[in-house]
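Quick caveat, the model's predicted, so the values are computed rather than measured.
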Amino acid sequence: CFSLGMDAYISKPFIPDELFNKIDMLTSKEHFREQPSNSQTNKNNIKYKYLDLKNLEKIYGNNNDKIVNIINICLTEVPHQLSELLTKINVKDFKDMQIISHSLRTSLNYLGLETLINYAREIENQASQQKSSEKTLENYNLIAEKWEKIKVELQDFVISRGTVNS
């Protein structure tokens, strides 16, 4: 697919405006819809250094329980995904590296973590080409290091919303 120019993607769950923007971008040279700006505040006006929860708020609106549930799932799943990804990088299991990094991108998309999504995409692309290099491990380490800081913001968010995963 990549060799045929099919290198665009939209992570699930997708936001309809993003889909339409991507279609416009790929089908029209003159007309581009303006991309929404990345805000780092949520509806409670709490500022976050890393998080952009607009995706969750667009999907779930004001449903606090669903937003907190997704965040709790990410708090559980991302560490497992990172652990498995590191194992697959170390043994050069390219098929599983590609699958896990793609799944990781989906988790990170919920949280609006564009920089980390890009690192995971690079790992996925290298795995699809059956390549592993120092850059692969460097991208993994960047994700893992940032995740530790992001995890604190996520836990603070969950506590601020009054719901804690038991």
Participant: Got a sec, which residues hit side chain to side chain donor-acceptor pair (under 3.5 Å) with Q81, two or more places apart in sequence or on another chain?
Facilitator: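 Partners of Q81 by the side chain to side chain donor-acceptor pair (under 3.5 Å) criterion, ordered by chain and then number, come out as S103, S107.
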Participant: How long is the straight-line distance from CG of L51 back to CG of L154, given to the nearest 0.5 Å?
Facilitator: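 Separation between the atoms: 5.0 Å.
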Participant: Just jot down the salt bridge (charged side-chain N to carboxylate O under 4.0 Å, His left out) partners of D156, sequence neighbours excluded, or say none.
Facilitator: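 Partners of D156 by the salt bridge (charged side-chain N to carboxylate O under 4.0 Å, His left out) criterion come out as none, since no residue qualifies.
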Participant: Please check: side-chain N/O of N55 versus main-chain N/O of N109, any donor-acceptor pairing under 3.5 Å?
Facilitator: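 Yes, N55 side chain to N109 backbone: donor-acceptor pair under 3.5 Å.
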Participant: Decide side chain to side chain contact (heavy atoms under 4.5 Å, CB included) for N118 and R121; before the verdict, give the C-alpha distance in whole Å, the side-chain angles of both, and the deciding distance to 0.1 Å.
Facilitator: CA-CA 5 Å; N118 291 332; R121 182 181 305 116; 2.6 Å; yes
Participant: Can you see which heavy atom on W147 is nearest to which on C74, and at what distance?
Facilitator: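 Taking every non-hydrogen atom into account, CZ2-O, 3.7 Å.
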Participant: Any heavy-atom pair between the side chains of I123 and I143 that's under 4.5 Å?
Facilitator: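 A side-chain contact under 4.5 Å exists here.
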Participant: Nearest 0.5 Å, what's the CG-CD1 distance between L53 and I70?
Facilitator: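 Reported value, rounded in 0.5 Å steps: 12.0 Å.
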Participant: Please check if I99 and F94 belong to a single hydrophobic cluster, counting links between Ile, Leu, Val, Met, Phe, Trp and Tyr side chain heavy atoms closer than 4.5 Å.
Facilitator: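 I99 and F94: separate clusters.
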Participant: Quick check for you: to the nearest 0.5 Å, what is the distance between Q98 atom CD and L85 atom CG?
Facilitator: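 Answer rounded to 0.5 Å: 12.0 Å.
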Participant: What I'd like to find out is whether the side chain of Y50 reaches to under 4.5 Å of the side chain of T115, using heavy atoms alone.
Facilitator: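 A side-chain contact under 4.5 Å is absent here.
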Participant: Measuring only between side-chain heavy atoms, which start at C-beta, is S101 closer than 4.5 Å to Y119?
Facilitator: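 A side-chain contact is absent here, since even the closest heavy-atom pair is not under 4.5 Å.
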Participant: Which residue pairs pass the salt bridge (Lys or Arg N to Asp or Glu O under 4.0 Å) test when at least one of the two sits in residues 125-136, sequence neighbours left out?
Facilitator: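 Found K135-E138.
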Participant: Could you give the distance from CD (E84) to CD1 (I100), rounded to the nearest 0.5 Å?
Facilitator: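 Separation between the atoms: 5.0 Å.
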Participant: Of all heavy-atom pairs between A120 and R105, which one has the smallest distance, and what is that distance?
Facilitator: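 So the two residues come closest at CB-CG, 3.4 Å.
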Participant: Do V91 and D96 have side-chain heavy atoms sitting under 4.5 Å apart?
Facilitator: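 Not in contact.
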Participant: Partners of Q126 by side chain to side chain donor-acceptor pair (under 3.5 Å), sequence neighbours excluded?
Facilitator: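 Applying side chain to side chain donor-acceptor pair (under 3.5 Å) to Q126 gives S133, T136.
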Participant: Do I71 and L56 have side chains that get closer than 4.5 Å, going by heavy atoms?
Facilitator: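 Sidechains of L56 and I71: in contact.
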Participant: Is there a donor-acceptor pair under 3.5 Å between the side chain of E153 and the backbone N or O of K49?
Facilitator: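 Looks like yes, one N/O pair under 3.5 Å.
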Participant: What's the spacing between L104 CG and L113 CG if we round to 0.5 Å?
Facilitator: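 It comes to 9.5 Å.
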Participant: With rounding to the nearest 0.5 Å, note down the distance linking CG in N72 to CD in Q155.
Facilitator: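 Rounded to the nearest 0.5 Å, the CG-CD separation comes to 9.5 Å.
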Participant: So, using salt bridge (charged side-chain N to carboxylate O under 4.0 Å, His left out) as the criterion, who are the partners of K151 when residues are at least two apart?
Facilitator: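 K151 satisfies salt bridge (charged side-chain N to carboxylate O under 4.0 Å, His left out) with E148 only.
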Participant: I'd like to check D52 versus L111 (side-chain heavy atoms, cut-off strictly below 4.5 Å). Are they in contact?
Facilitator: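 Sidechains of L111 and D52: no contact.
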Participant: Which residues pass the side-chain contact (heavy atoms from CB on, under 4.5 Å) test with L137, sequence neighbours left out?
Facilitator: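 side-chain contact (heavy atoms from CB on, under 4.5 Å) check on L137 returns L86, I89, Y140, N141.
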Participant: Counting distance only, does the side-chain N/O of S83 pair as donor-acceptor with the main-chain N or O of H80 below 3.5 Å?
Facilitator: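 No.
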